[in-house]
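Heads up, the thing below is written out as structure tokens.
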Amino acid sequence: MKQNLPTTYEPKTTEAKWYKYWLQKGLFAPNPSLKAEHYCIVIPPPNVTGSLHIGHALNNTLQDILIRTKRMQGFNVLWVFGMDHAGIATQNVVERQLAQENLSRNDLGRKEFVKRVWRWKQESGDAIVNQLKRLGVSCDWSRERFTMDEGLSRAVKKVFVQLYGEGLIYRGHYIINWCPRCHTALSDLEVEYHELDGHLYYLKYPLADGSGKLTVATTRPETMLGDTAVAVHPKDKRFSHLIGKQLVLPIVGRYIPIIADSFVTPEFGTGSVKVTPAHDLNDFEMGIRHNLQQIVVMDSDAKMNERAGKYAGMDRLECRKKILNELQDGGFLDKIEDYKHSVGHCYRCKTIIEPAVSDQWFVKMKPLAEPAISAIRQGEIELVPKQWENTYYDWMDNIRDWCVSRQIWWGHRIPAWYCEKCKQVIVQEEDPALCPSCSNTTFKPETDVLDTWFSSALWPFTTLGWPDWPEESLKSFYPTSVLVTGFDILFFWVARMIMMGLKFMDDIPFRRVYIHALVRDEHGKKMSKSKGNVIDPLDTMEAYGTDAFRFSLTALTTQGRDICLSEKRIEGYRNFINKIWNASRFCLMNLEGYQAQDIAALKLEPADKWIIDKLKQTIIGVSDAIEKHEFSRVALGLYQFFWHEFCDWYLELAKPRLYQADDQIARTTAQNIIIKVLENSLKMLHPIIPFVTEEIWQKLHPDESIMVAKWPDVQEEWLSLCDTDKSDNDCKNMGHIILIIEEIRRIRTMLNISPAKRIKVHLAVQGIQAVNMLKQNSAYIENLGKVDCLSIAQGEGKLPHGATGLVDGVNICVDILGLDLTQEE
RNA sequence: GGGCGGGUAGCUCAGUUGGGAGAGCGCUGGCCUUACAAGCCAGAUGUCACAGGUUCAAGCCCUGUUCCGCCUACCA
């Protein structure tokens, strides 16, 4: 069994080899004949917008750790893979490509454009799959799904139609967030707010009766063209005499009323506010309350339209300047103050969004949210870390209706038609044949598509086969075991999956949500291409190996904190991988004559019991940490055990027995222990670093994959053999011996004794038992302390001249007679 | 405005029910000791943000202050 291996681990060749092997053996798919508890994860589907970033690497590494562990623990495991069509984002990518050819999507037309996006989807999808394979993830590729594939599209239609039928989806004329660049409505969540330095402009509106002027404050003077009122607080005594009077809108000349509305904050600005129902959310609502006209003065590009008169065609910001000039000239501009305020931007293209009124489709959220709130409150779904529950409640308790229609081309068409004759809206899965109200047969189909997150919300059950359930077995994987995701999509995705799962499956979609952090650079800065601090997963895997990369991510994943990743750190863990490699190499090199033996046939030494006890503690700690999803604890516990306990101490302690040939049983014992410890370590390490562990495992067990090896079990005879609770003190004694060795080494260093030099050491301790213990373990001290003459005495002893130390009641004296200490000075 | 998280060794961070202040990297010194120089041995380094309080005992619990980050809101 003796084998020779190179001294440095070479990840590249190894990784490709084993991934292929696993695929060929079909180890990623669930075992239909296995009668075991199910463990299922559905992947957060990556967007088909290009390639994966480090956040994906983290997300999928953590999922793979759970999946691989559970597989080894005997569960019937399914990890569903799939991708998201990512409506706006993907459309933008393809539009940018077209722009390089000086084309727009309109040049192609809808049909051609969508074809082109499908082409891109193929390309991007392949890249994503390859990256994930490179990362070593063990998802079931045979069940790949796409949010726009046939089955999922059918599910989307079905859900839409049912919700519409129940009045939970409606079409309405409301104010929404409009992105003038993407040319589509956005949901509230898709708007990012950023603080901008702006101004507060004070405008003077004259009273129609000539009795004076009323000053309003605004950040957007250009919207005055669409003003249809000025509001004051009903209890504000300064203005109560003006309520009901008319103002003359400067420049425009239109008459607008002064209204009273408690929305107005008397302390802010002048206490009176201009009302533009068509271009501001609050004004819109005030407009409804007071039955005001909505005057739209901008078009879909956020340019002024014909209602803006001479400003028509102007960009909104340009128009602002011109209007201010004109107001100034007319004496309507009172003053301008600097003002910081937050402005909404499109989360996909960062353009400033424009509130606009239009016809859109909405999902009524309150009835869906209530059961989803109680699912968390009742503990049916657990959020890890728990602190996110507050955030969840906060949003869910104040949830607003969800605008789901998008005016883009890439996505699920809304299954609605309009009768060309009577304008009746028809919502159904199939094309209508006959108008139910006028029997007309010609219809205009809805051109809007659905928000991407609408189909994502159905992901946990559509990927498993709903509504057709082509494979009956998959049904039993719902609810899934855990969802692993970032906090940034808690509302976008997690909350909506819970709502839809409860609505359509009548059950939660997952029992637990593990929410991990964002990956930042080593100084905590967000990674971005423009800052140049991006760590690319592929480059990193190329440079340090996939295992080192995965181990780094895992070791840094502590709950409730962002992950700061530096190359230095990855390099450090690369060294750990190499350490594993070399320790394994050492074990394999010393297996001559090895035979697996029953414990009973072995002659265990204190060092053996000590390492077995440490292994046992590690198994308990690691298994527990995985169960609690404390990933950093998993990685660091294994690191500490393997490097510092196994390599630094045990292997050194075991070397004399491995190197000699006289005492066969001593040798066999040491061999059995190192193999036992190595195998158990490899198994626990495998979910984090699958490649190197498989490589070594198969040197011990040719053509038996570690992927399906049994997870370490502390009940096993081997591991229960050293029990510190029982009378056996060998483990504890070994701990004392280690301290003594360390003290001897310290003294050596202090005295500047060359590491190669063998020295004389005298030990003295109270009590015959203690003396016997030291005598029993003297070989360890001699070997690792480089001592060739160790004397052990009871009591104070008569210690000769020398340097002394004291450890746990043991007096240590290094004999300096005969030592050449001249180099000390 | 509201909420959450965080301020621990030069850097990045652990610290699970209060009792020993820790890891990795970096740094210093010594070693090619027959697995590993991507290594081995030894070492230095901290008013645990600040101020009070509870306690025999506080990095950990309570109150206040301050700085940083994030989320959220109808900041005209």
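Values in this document were obtained by computation on a predicted structure and should not be read as measured data.
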Original post:
Could you state the NZ-P distance from A/K628 to B/rG15, rounded to the nearest angstrom?
Top reply: 13 Å
**OP:** With the side chain counted from C-beta on, respond yes when A/C403 and A/D401 share a heavy-atom pair under 4.5 Å apart, and no when they do not.
**Re:** no
Subject >> A/K579 side chain near B/rC40 phosphate (N/O to OP1/OP2, under 4.0 Å) >> reply: yes
**OP:** Nearest whole angstrom, please: distance from the P of B/rC32 to the CG of A/N582.
**Re:** 19 Å
Original post:
Taking the six-membered ring of A/F586, is NZ or CZ of A/K655 closer than 6.0 Å to its centre and within 45° of its axis?
Top reply: yes
Original post:
Contact class for A/T270 (heavy atom, under 4.0 Å): base, sugar-phosphate, or nothing?
Top reply: nothing
Original post:
Using the C1' atom in both, what is the distance from B/rG69 to B/rU33, to the nearest Å?
Top reply: 49 Å
**OP:** Give a yes/no on whether any side-chain N or O of A/H341 is located under 4.0 angstrom from OP1 or OP2 of B/rA73.
**Re:** no
**OP:** Mind checking A/C647 for me? I need base, sugar-phosphate or nothing, with any heavy atom below 4.0 Å counting as a touch.
**Re:** base
Subject >> Presence of A/R569 side-chain N/O under 4.0 Å of B/rC25 phosphate oxygens OP1/OP2 >> reply: no
Subject >> Given B/rA35, B/rC41, B/rC71, the nucleotide with the shortest approach to the side chain of A/E652 >> reply: B/rA35
Subject >> Under-4.0 Å salt bridge between A/D261 and A/R289 >> reply: yes
Subject >> Watson-Crick/G-U partner (both atom distances under 3.5 Å) of B/rU66 >> reply: B/rG7
**OP:** For nucleotides B/rG18 and B/rC62, find the distance between their C1' atoms and express it as a whole number of Å.
**Re:** 13 Å
Original post:
Distance between the C1' atoms of B/rA23 and B/rU34, in whole angstroms?
Top reply: 32 Å
Original post:
Within 45° of the ring axis of A/W402 and under 6.0 Å from its six-membered ring centre, is that where the NZ or CZ of A/R496 lies?
Top reply: yes
Subject >> B/rG59 and B/rG20, which share atom name C1', separated by this distance in whole Å >> reply: 14 Å
Original post:
Which of these nucleotides, B/rC36, B/rA76, B/rG39, is closest to any side-chain atom of A/T265?
Top reply: B/rA76
Subject >> Option passing ring pair (Phe, Tyr, Trp, His ring centres under 6.0 Å) with A/F576 (candidates A/W581, A/Y9, A/Y544, A/Y639) >> reply: A/Y639
Original post:
How far, in whole Å, is B/rG19 from B/rC27 if one measures between their P atoms?
Top reply: 34 Å
Original post:
Has the side chain of A/T218 got a donor or acceptor atom that lies under 3.5 Å from a matching backbone atom of A/R220?
Top reply: yes
Original post:
NA contact type, A/N398, heavy-atom cut-off 4.0 Å: base, sugar-phosphate, or nothing?
Top reply: nothing
**OP:** Would you verify whether the NZ or CZ of A/K335 falls within 45 degrees of the ring axis of A/Y202 while also being under 6.0 Å from that six-membered ring's centre?
**Re:** yes
Original post:
Which nucleotide, B/rA42, B/rU72, B/rA76, lies nearest any side-chain atom of A/D394?
Top reply: B/rU72
**OP:** For nucleotides B/rU63 and B/rG24, find the distance between their P atoms and express it as a whole number of Å.
**Re:** 36 Å
**OP:** Counting heavy atoms from C-beta on, name the nucleotide in B/rC74, B/rA35, B/rG24 closest to the side chain of A/H644.
**Re:** B/rG24
Original post:
When rounded to the nearest Å, what value does the distance between P atoms of B/rC56 and B/rC13 take?
Top reply: 37 Å
Original post:
Does OP1 or OP2 of B/rA76 have a side-chain N or O of A/T219 closer than 4.0 Å?
Top reply: no
Subject >> Rounded interatomic separation in angstrom, taking OH from A/Y193 and P from B/rC70 >> reply: 18 Å
Original post:
A/V275 near the nucleic acid: base, sugar-phosphate alone, or nothing, with a heavy-atom cut-off under 4.0 Å?
Top reply: nothing
**OP:** Output yes when at least one side-chain N/O atom of A/N575 is less than 4.0 Å from OP1 or OP2 of B/rG39, else no.
**Re:** yes
Original post:
Can a side chain N or O of A/W643 be found less than 4.0 Å away from OP1 or OP2 on B/rC40?
Top reply: yes
**OP:** Mind calculating the distance between CZ (A/F268) and C1' (B/rG1) to the nearest angstrom?
**Re:** 13 Å
Original post:
Is the phosphate of B/rA73, meaning OP1 or OP2, less than 4.0 Å from a side-chain N or O of A/R400?
Top reply: yes
Subject >> Rounded P spacing from B/rU12 to B/rG53 in Å >> reply: 33 Å
Original post:
Is any side-chain N or O of A/K655 closer than 4.0 Å to OP1 or OP2 of B/rU34?
Top reply: no
Subject >> Of the listed nucleotides B/rA35, B/rA42, B/rC71, the one nearest the side chain of A/F491 >> reply: B/rC71
**OP:** Return no unless some side-chain N or O of A/Y659 is found under 4.0 Å from OP1 or OP2 of B/rA35.
**Re:** yes
Original post:
Which comes earlier along RNA chain B counting from the 5' end, the contact point of A/E285 or that of A/I741, where each point is its nearest nucleotide?
Top reply: A/I741
Original post:
Think A/R746 has a side-chain N or O under 4.0 angstrom from the OP1 or OP2 of B/rG43?
Top reply: yes
Original post:
Would you say A/D280's side chain and A/D283's backbone share a donor-acceptor pair under 3.5 angstrom?
Top reply: yes
Original post:
Where the side chain of A/T558 is defined as all heavy atoms beyond and including C-beta, which of B/rA35, B/rC13, B/rG26 is the nearest nucleotide?
Top reply: B/rC13
